[in-house]
Amino acid sequence: MPEGHTIHRQATELRRGFGGGPVAVSSPQGRFEAGAALLDGRVLAKAEANGKHLFLGFSDEAGHKPQSWLHVHLGLIGSWTFGPLAAGQPPPARGAVRVRLVGENEYADLRGPTVCEVLTTHDVTAVRARLGADPLRKDADHVRAGQRILKSKVPIGALLMQQEVVAGVGNVYRAETLFRARINPWTLGKDLDQGTWDALWADLVLLLKDGVKRGRIVTTLPQDRDRRSGPARREDAHYVYRRTGLPCRICGTLVVTEPMVGRNLYRCVVCQTG
DNA sequence: GCTAAATGTTGAT
DNA sequence: TCAACCTTTAGCT
């Protein structure tokens with residue numbers, strides 16, 4: 001379920017499990033053999049996420065700067081799985097493993113990514129330069145994103161999905177943050193004001209951080225859930241995302257879905273008039 | 001148990 | 001504009 005929070009979580013897990021030590025890199029599936037050979041046996045020096053992009057930096061020796069990077073974008077169905085290494089036993093064979101990392105005590109398998117390639121530090125800088133403000137990064141420039149949004153003739157619902165504007169937000173977060181702000185997703189960027197953008201950004205920071213902590217996306221406030229106490233159940237996690245035809249948690253109007261730039265957009269036409 | 005759709009992006013046509 | 005990626009889950013029978 002890869003929106004930005006997932007990738008940041010995985011970066012942390014990879015850093016914790018493999019950082020600072022040599023990593024055996026292979027491609028059981030065979031589609032990344034040449035790339036794997038470039039990285040095999042080197043030390044994982046960095047693991048960081050930028051929006052939905054993951055960058056693993058490899059160096060020749062511990063403590064050195066990385067010269068080669070594994071760049072991964074999971075796309076729609078890509079995934080990482082992690083597991084402990086049973087002594088002397090290879091990790092379980094299941095599905096098409098594009099990349100396998102084997103460290104001292106654990107392994108990580110990558111399946112189904114859209115992007116999986118080896119880059120130089122220079123290339124990594126170029127990829128990152130194309131990305132917009134990431135709510136999960138301290139170096140995020142939300143003012144710059146706002147300048148772009150507040151003069152755009154594109155609907156805010158589409159702008160939030162543009163990774164060169166805001167990096168890490170996907171279909172779930174865009175639908176939910178716009179509902180929480182009661183904003184009509186079809187409102188053009190230029191028709192928003194600075195205060196509205198600042199509030200939207202603050203909410204995205206809050207939601208994505210919460211997503212990293214939980215490992216899943218929960219956007220509802222406890223008082224808006226069908227069961228108002230205890231942990232949020234899956235069917236209680238969202239206001240509008242994938243709730244087509246169900247009553248809005250606030251006003252009871254049925255949630256509608258309609259395509260926006262080729263993706264399903266969910267909203268409440270009564271609550272979201274801002 | 002089966003089928004369709006899905007949190008996203010790239011590259012070919 | 002469309003296929004590919006190739007897994008997971010929701011929804012149906």
Side-chain angles (χ1 to χ4, degrees), chain A residues 1-11 27-33 35 49-55 70-83 91-100 108-119 123-124 126-132 134-136 157-180 185 204 207-212 214-220 232-246 255 257-267:
Chain A
M1 306 148 205
E3 292 197 24
H5 68 300
T6 305
I7 316 307
H8 280 262
R9 210 161 200 268
Q10 291 165 343
S27 178
Q29 176 200 44
R31 280 189 53 185
F32 188 63
E33 269 171 7
N50 206 305
K52 299 169 189 168
H53 295 253
L54 175 73
F55 301 98
L70 178 61
H71 173 217
V72 173
H73 191 296
L74 294 179
L76 186 60
I77 60 176
S79 67
W80 283 99
T81 53
F82 302 92
R94 181 173 63 78
V97 177
R98 183 80 59 88
V99 178
R100 170 166 287 165
D109 282 349
L110 172 67
R111 295 179 176 82
T114 294
V115 175
C116 177
E117 60 186 355
V118 177
L119 297 182
D123 297 332
V124 170
V127 173
R128 292 177 56 170
R130 292 204 309 265
L131 296 171
D134 178 347
L136 290 171
L159 288 166
L160 290 180
M161 299 278 281
Q162 287 181 13
Q163 299 302 301
E164 59 271 30
V165 179
V166 181
V169 171
N171 208 12
V172 183
Y173 282 124
R174 84 136 162 203
E176 294 295 304
T177 196
L178 288 172
F179 179 89
R180 283 160 59 100
L204 286 171
L207 286 178
L208 272 86
K209 277 187 179 170
D210 181 79
V212 172
R214 291 180 197 260
R216 68 189 184 110
I217 302 176
V218 175
T219 60
T220 48
R233 295 176 296 182
R234 191 177 50 197
E235 59 269 32
D236 263 351
H238 310 134
Y239 283 102
V240 290
Y241 176 73
R242 295 259 269 177
R243 296 193 77 239
T244 314
L246 295 172
V255 173
T257 176
E258 57 207 333
M260 179 188 271
V261 278
R263 310 291 302 282
N264 286 326
L265 170 72
Y266 304 85
R267 68 174 170 131

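Each chain gets a letter, A, B and so on, in the order the sequences are listed, and its residues count up from 1.
- Summary of the strand contacts: A:G95 and A:R242 both lie near DNA chain C, and taking for each the nucleotide with the nearest heavy atom, the more 5' one is attributed to A:G95.
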*asked:* Run A:E176 and A:V240 through side chain to side chain contact (heavy atoms under 4.5 Å, CB included) and show every step you take.
replied: CA-CA 6 Å; A:E176 294 295 304; A:V240 290; 3.5 Å; yes
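- Checked by atom type and distance alone, the side chain of A:R111 never pairs as donor or acceptor with a backbone atom of A:G95 at under 3.5 Å.
- Each of A:T114 and A:T81 was assigned the nucleotide of DNA chain C with the nearest heavy atom; the assignment lying further toward the 5' end belongs to A:T114.
- Each of B:dT9, C:dC6, C:dT9 was ranked by its minimum atom distance to the side chain of A:Q29; first place goes to C:dC6.
- Separation of the P atoms belonging to C:dT8 and B:dT10 is 23 Å when rounded to the nearest angstrom.
- For A:I77, taking side-chain heavy atoms from C-beta onward, the closest of the listed nucleotides B:dT7, B:dT10, C:dC5 is C:dC5.
- Rounded to whole Å, the separation between the P atoms of B:dT7 and C:dG11 comes to 14 Å.
- Straight-line distance from the CG atom of A:L208 to the P atom of B:dT7: 16 Å, rounded to whole Å.
- A:H71 and A:D123 share no side-chain donor-acceptor pair at under 3.5 Å.
- A perpendicular orientation is assigned to the rings of A:Y241 and A:H238, their planes being inclined by more than 60° (bins at 30° and 60°).
- Closest approach to the A:E3 side chain among C:dC5, C:dT9, B:dG8 is made by B:dG8 (side chain taken as heavy atoms from C-beta onward).
- Contact annotation: A:R234 side-chain N/O to C:dA10 OP1/OP2 distance is under 4.0 Å.
- Atom-to-atom, OH of A:Y241 to P of C:dT9 comes out at 13 Å; the value is rounded to the nearest Å.
- Across the protein-nucleic acid pair, A:K52 atom NZ and C:dC5 atom P stand 21 Å apart, rounded to whole Å.
- Per the geometry, CH2 belonging to A:W80 stands 18 Å off C1' belonging to C:dT8, to the nearest Å.
- Relative to the side chain of A:R31, the nucleotides B:dT7, C:dC5, B:dT10 differ in distance, and C:dC5 lies closest.
- If you measure from atom CZ of A:R9 to atom C1' of B:dT7, you get 15 Å, rounded to the nearest angstrom.
- Relative ring orientation between A:F179 and A:Y239 is described as parallel, the plane-to-plane angle staying below 30° on a 0-90° scale split at 30° and 60°.
- The same atom, P, is picked in B:dC2 and in C:dC6; the two are 22 Å apart, to the nearest Å.
- Dashed line: the shortest gap from a side-chain N or O of A:Q163 to OP1 or OP2 of B:dG8 is not under 4.0 Å.
- Taking side-chain N and O atoms only, A:N264 has a distance below 4.0 Å to OP1 or OP2 of B:dA6.
- For the pair A:R263 CZ and B:dA6 C1', the computed distance is 8 Å after rounding to whole Å.
- Summarising the geometry, the separation between CD1 on A:I7 and P on B:dG8 is reported as 10 Å, rounded to the nearest angstrom.
- Atom pair A:L76:CG and C:dC2:C1' shows a separation of 15 Å (rounding to whole Å applied).
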